[in-house]
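Take a look at the structure below.
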Amino acid sequence: MNVVTLSQLQFAATCMFHWIFVPLTLGLSIMTAWMETKYVTTGDETWLRMTKFWGKLFLINFALGVVTGITMEFQFGLNWAEYSRYVGDIFGAPLAMEATITFFLESVFIGVWIFGWNKIPKKTHAVSIWLAAIGTNMSALFILLANAWMQHPVGYVIRNGRAEMTDFLAVVTNPYGWIKFSHTLMSGYALAAFVIMGVSAWHLLKANETDFFKRSFKMAAGWAFVASLLVAVTGDFHAVEIAKNQPSKFAAMESIWETKRNAGMCLFLIPDSNNECNAVEKLVIPGMLSFLAFHDTNGEIKGLKDFPKDMRPMVTPTFLSFRLMAGLGTFMIVASFVGVILSRRKTFIDNRLFLYVMVFAIPVPYLAQQFGWVVAELGRQPWIVYGVMKTSDAVSKSVTATQIILSLLGFVVLYGFLGAIDIFLLVKYAKKGPAKDTSSILDMKGRG
Amino acid sequence: MDISVYQITWFVLCSVLWAVYFMLDGFVLGTGFLSTFIAKNDTEKRILINAVGPVWDGNEVWLLTAGGATFAAFPTTYALMFSNLYSALILLLFSLIVRGVSFEFRGKMEGASWKGGWDKAILVSSFLPALLFGVAFGNIFRGIPMRNDFTTLQFSYEGSLIGLLNPYGLVTGVLFVMLFAVHGALYISLKTVGDLNKRATAMANKLWPILLVVAVVFLGFTWPATKLYDNFIKVPVLLIIPVVAVVSLLMVKVFAGKNECGKAFIFSCLTILFVVFTGVAGLFPNLLPSNLDAASNLTIFNSSSSLLTLKIMTAVALIMVPIVICYKIWVYRIFRARITEDDVLTNPDAY
């Protein structure tokens, strides 16, 4: 394999691994902050126990998200030196801002939150988890604005042998970035809510701490339903942006070969890239695709054949990932809606089948998000910056294939090992359930 | 204002970010690799980990900020520094990853082999970054074998991982290890009580003479190995920087010897800051020199971002860095108390 493929493989592997931990951090930080706020305002100890229990899982997960994030920042320079040099004038700024504005906020106040029980007043303690959660959520904004610039470059000019920023406001108000941010944030909230529902369902099946887990489930079901719906809504807006700005990605997502108006959507479709057509097209909804892309059934969808072969993304994996993401997302809306209805009933825990389903549904949002990223990044190929720079021109010239094979092996071994331990610990602490006793926290005399 | 004003501003800002990172993570790394030698049992180990617990993550962010600032202000340097030093930085990255999770994982299960395993992980993953950062900076001071043509935009590198382990790189590596060791020992004595505190102070006093010897070797070796002294000869007033570094280093011993570890720690902070400042003052205006030909040097002038980007980043830094410093000081004040056995044994949230 050559340096380009190896660099792509390493970036994909480290990024996808990073993304196992990030969405739960995004969602659970906010939900933990919500629980602690409920505790501070109502004084109800169950909220405190919920804060402690779900907060513990949040922290175990958070650690791996942080350390694998360092890799992401280093990797642009390590493996993508030509890219970093060429676009650093624009791309570096949001990264530096992410570190200065949000990483400090997140990391410093996480420390305050973990070690600050009893040392600072209750309200300040609750504020610290909010600050950490805001830092976490805002960091997603900066990195997604950076990513959005790769998808839909704005506010730049090619000058002095590189892309230079001409309009900072355009970069930070890139609609592509804000839509992606809301889509990502909502999917993070949905994922965290599904984790809470799944773990709660497991305990409810065993009749452990039923009040505690019923309340947790009920809260999470509401979050999950609203967030999953918003994932779909923002996803719809996102698709419109893609159809407008990245026609080759949109064509690959839907496996459209011929340019056409009033394009229909096939519910069942098998792409055949070799023959530049679809092997099977069944159950067509007329005009649906044009409507999804342009909110107008007469909109013209560009087909893949309009692009030279080497300017098209890989069709089958992009198409399949998009369908799987959308399918899993639909499941999430339905499951969380049922959850909202059932968790309001007194007989909730008798719905054993539903509870089983929710335990096994924990991986669903994880898979949906991974597929979503595959669509976003694979669908952008062969471009690293859409229409501006090709991925094959972006790699480091001084790094050899052997070096990358070794580092990739290192990542696989190290991440595999740490990921296994982290998931093991998450399962262990999730199964253990909440602490019975909160007296050590409630004793506000402190041990300073 | 002329772009060179911003380029110089960002040279100073990046230097400060790197220096503050070494000052802050220095004691976390030092505490990490000394914990094996200073702590005698599990409780003492936990005291040491909890002494850095609330702050290690926030301290590490200075590295991300320094890296991010280098990327935003000097993208060409960021790109070539990271890709040319690929293997060394991958090793560094792996160490930092392991170091972070070790703190988090160690206390999550009981059992001697679980904890013993993470103790070894903390030892190695705290020692390696100290050494590798030193080796990296030694090689930056010395220059690396690269050829860069800024008109045709052709960049090539002729070095290797083994090539970085040259004598001067290694001396700088050992210098960083010793600086962080003394720094860590002083931090431990500042954060502990009783026997542990006494052992840490004794350790700082024992390690200091070794640090002094390494520092003298480093300063001497810098003359033939680098061009760092050129700037000091040209502008003698700059000599104030290494003088502060040397005086601070001596004051560390003065106060550590008197058992006044708070003051010794402050001077240890100053030592690290001014060692880094000495290096970068010698480098200016280079960010990463080439040891093949001077035309290939990456300087603040040939590798910087555009004026607009530098202006925006300056505004962000001027607003955000003071805010960050304020809340960081607040946090250090909250957690200023020494950690006792009782703290880690009764706090369910302790590491």
Side-chain angles (χ1 to χ4, degrees), chain A residues 59-60 63-64 66-68 70-71 73-74 76-79 81-82 84-85 87-93 95-101 103-104 107-108 110-112 114-117 119-120 161 164-166 168 396-399 403 406-407 410 414 418 421-422 425 428-429 435 440 447-448, chain B residues 50 53-55 57-58 60-61 63-65 67-69 71-73 75-76 78-84 86-87 89-90 93-94 96-98 100-101 104-105 108-109 146 153 155-157 305-306 308-309 312-313 316-317 320-321 324 327-328 331 334-335 337 342-343 346-350:
Chain A
L59 289 175
I60 297 171
L64 229 59
V66 168
V67 294
T68 55
I70 315 171
T71 307
E73 193 194 272
F74 275 33
F76 296 113
L78 289 170
N79 291 91
E82 286 298 312
S84 300
R85 190 198 65 73
V87 307
D89 194 55
I90 302 149
F91 194 82
L95 252 64
M97 287 162 70
E98 183 185 26
T100 328
I101 299 173
F103 286 166
F104 275 123
S107 61
V108 168
I110 278 286
V112 174
I114 302 174
F115 291 89
W117 296 102
K119 285 202 172 71
I120 50 176
E164 292 195 350
M165 182 144 60
T166 52
F168 177 66
S396 302
K397 285 183 182 154
S398 58
V399 179
Q403 281 179 298
L406 286 174
S407 61
L414 183 66
L418 297 180
I421 291 175
D422 201 69
L425 287 175
K428 176 185 136 110
Y429 277 87
S440 66
R447 293 178 305 270
Chain B
N50 281 283
V55 294
D57 190 6
E60 196 178 69
V61 173
L63 171 66
L64 294 177
T65 308
F71 193 177
T76 310
Y78 165 81
L80 294 179
M81 186 187 292
F82 277 66
S83 56
N84 289 347
Y86 187 87
S87 298
L89 290 178
I90 287 281
L93 187 58
F94 286 174
L96 291 173
I97 289 169
V98 172
V101 293
E104 191 62 42
F105 286 172
K108 292 284 182 289
M109 293 240 295
M146 57 179 181
L153 300 175
F155 310 100
S156 66
Y157 178 63
S305 280
S306 66
L308 176 65
T309 299
I312 290 162
M313 292 310 301
V316 172
M320 287 316 298
V321 173
V324 170
Y327 64 68
K328 284 207 85 153
V331 169
I334 295 176
F335 298 109
D342 187 46
D343 279 324
T346 57
N347 183 357
D349 298 303

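We name chains A, B, ... by the order of the sequence lines, and we start the count at 1 in each one.
Each of Leu89(B), Val101(B), Thr309(B) has some count of heavy-atom pairs under 4.5 Å with chain A, and the biggest count is that of Thr309(B). Listed options Ile97(B), Leu80(B), Leu308(B) were ranked by heavy-atom pairs under 4.5 angstrom with chain A; first place goes to Ile97(B). Taking Ala317(B), Ser83(B), Ala72(B), Gly58(B) one by one and counting their heavy-atom pairs under 4.5 Å with chain A, the maximum is reached by Ser83(B). When the candidates Ala99(A), Gly111(A), Ala93(A), Ser107(A) are compared by the number of heavy-atom contacts under 4.5 Å with chain B, Ser107(A) comes out ahead. Across Leu78(A), Val108(A), Val399(A), the residue that shares the most heavy-atom pairs under 4.5 angstrom with chain B is Leu78(A). Chosen from Thr100(A), Ile90(A), Leu95(A), the residue pairing most often with chain B at heavy-atom distances under 4.5 Å is Thr100(A). Counting heavy-atom pairs closer than 4.5 Å to chain B, the top residue among Ala63(A), Ser407(A), Gly161(A), Gly116(A) is Ser407(A). Between chain A and the residues Val324(B), Val331(B), Val316(B), Thr76(B), the most heavy-atom pairs under 4.5 angstrom are made by Val324(B). Of the listed residues (Gly67(B), Pro75(B), Ser306(B), Ala69(B)), the one with the most heavy-atom contacts under 4.5 Å to chain A is Ser306(B).
A tilted orientation is assigned to the rings of Phe76(A) and Phe71(B), their planes being inclined by 30° to 60°.
Here the closest non-hydrogen pair linking Gly53(B) and Phe115(A) is C-CE1, 3.5 Å.
In this structure, chain B has a heavy atom under 4.5 Å from the side chain of Glu164(A), while its backbone stays farther away. Residue Glu98(A) does not touch chain B at all, counting heavy-atom pairs closer than 4.5 Å. For Leu414(A), the part lying near chain B is the side chain, with the backbone staying farther off; criterion is any non-hydrogen pair under 4.5 Å. With a threshold of 4.5 angstrom between heavy atoms, Leu406(A) does not approach chain B through any atom at all. For Ile312(B), the part sitting under 4.5 Å from any heavy atom of chain A is the side chain, from C-beta outward, and nothing else. Interface residue Leu425(A): only side-chain heavy atoms are found under 4.5 Å from chain B.
Contact of the Leu153(B) side chain with the Arg85(A) side chain is registered, since non-hydrogen atoms from C-beta on lie closer than 4.5 Å. Side-chain contact check for Phe103(A) versus Val66(A): every heavy-atom pair is 4.5 Å or farther apart. With contacts defined as side-chain heavy-atom distances shorter than 4.5 Å, the pair Phe105(B)/Leu64(A) qualifies. Here the side chains of Leu59(A) and Ile110(A) are in contact, with some heavy-atom distance below 4.5 Å. Phe155(B) places none of its side-chain heavy atoms less than 4.5 Å from the side chain of Lys397(A). In this structure, the side chains of Met109(B) and Lys428(A) come closer than 4.5 Å at one or more pairs of heavy atoms.
When atom types are taken as modelled, the side chain of Tyr86(B) and the backbone of Ser398(A) share no donor-acceptor pair closer than 3.5 angstrom.
At a cut-off of 3.5 Å, with distance as the only test, a side-chain donor of Ser305(B) or Asp89(A) sits close to an acceptor on the other residue.
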